[in-house]
Amino acid sequence: MDDLGAAIWPPLPITTARLVLRAPERRDRAAFVELLSSPEVHTYLGGPRSRDELQRELPEVPEQWPGSLVVELDGAMIGHVLLRRATGHRRPAAAGKADLGYLFLPQAWGSGYATEACAAALGWLSDALPGEPVVLTTQSANTASMRLAAKLGFTEVERFEAWGAEQWLGVRRAPVTSA
Ligand SMILES: CC(C)(COP(=O)(O)OP(=O)(O)OC[C@H]1O[C@@H](n2cnc3c(N)ncnc32)[C@H](O)[C@@H]1OP(=O)(O)O)[C@@H](O)C(=O)NCCC(=O)NCCS
């Protein structure tokens, strides 16, 4: 995976009805440690990282790269939305395309925040890079993620075996705009 390129970064904070999406800052570090060390968050992502290792190794401002968006609710980080370039994706249908990922703290699940944040991030991307399709890979057993992908308008391209599980590859075509 590569980042989206510095030309479109950083974004102005993106606001939704309940949330703010913005580039990571120093004050997000503790929430990143929580997110990346949570076994619940990593059930379908190959397992969490160790909290001690993260405390030692995370940079002062974690995940600072073009396309990395912290999701904030009432001033506190609740999740991370990742828009990257799927360079080297193992499936040809996804290779080189813009790619969406998302991780939210468990206490923020079940309130529609992920849908709201990802829809806003996709809206930002379609303004920044008009016409770009976006791909998404998730384990098909990850039902919350599969529901989210469907709500965001992703449709199935294919399923494939990787990392010891069935993976679902979806695509969201860029909205057609009239001239
Ligand atoms: C995938 C993940 C982001 C989904 O989070 P989520 O909170 O279930 O997703 P949504 O924001 O779409 O919320 C949907 C739920 O909120 C409920 N909800 C409550 N209030 C709502 C509101 N105002 N608007 C919309 N939905 C609302 C919905 O009914 C739905 O509940 P349900 O799951 O019981 O049907 C989360 O499970 C997660 O972070 N998982 C770990 C990381 C991961 O696996 N990522 C995938 C890698 S690609």
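Atoms considered below: every heavy atom in the structure, side chains included; atoms not considered: hydrogens, waters and symmetry mates. All of these numbers come straight from a predicted model, not from anything done at the bench. All ligand and atom numbering here is 1-based and tracks the order in the structure.
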Residue pairs involving residues 60-69 (criterion salt bridge (charged side-chain N to carboxylate O under 4.0 Å, His left out); sequence neighbours excluded): R26-E60
Intermediate values then yes/no, side chain to side chain donor-acceptor pair (under 3.5 Å), T137 and H89: CA-CA 10 Å; T137 306; H89 197 290; 3.0 Å; yes
Worked check of side chain to side chain donor-acceptor pair (under 3.5 Å) between W168 and Q139: CA-CA 6 Å; W168 184 89; Q139 272 193 34; over 6 Å; no
Ring-face cation of R90 near F160 (centre distance under 6.0 Å, axis angle within 45°): no
Distance, nearest 0.5 Å, that separates OG1 of T87 from CG of D3: 9.0 Å
Pocket residues of ligand 1, ordered first by chain and then by residue number (heavy-atom cut-off under 4.0 Å): R18, V41, L45, Y102, L103, F104, W109, G110, S111, G112, Y113, A114, T115, T137, N142, A144, S145, R147, L148, K151
Option passing side chain to side chain contact (heavy atoms under 4.5 Å, CB included) with F32 (candidates V70, V61, L54): V70
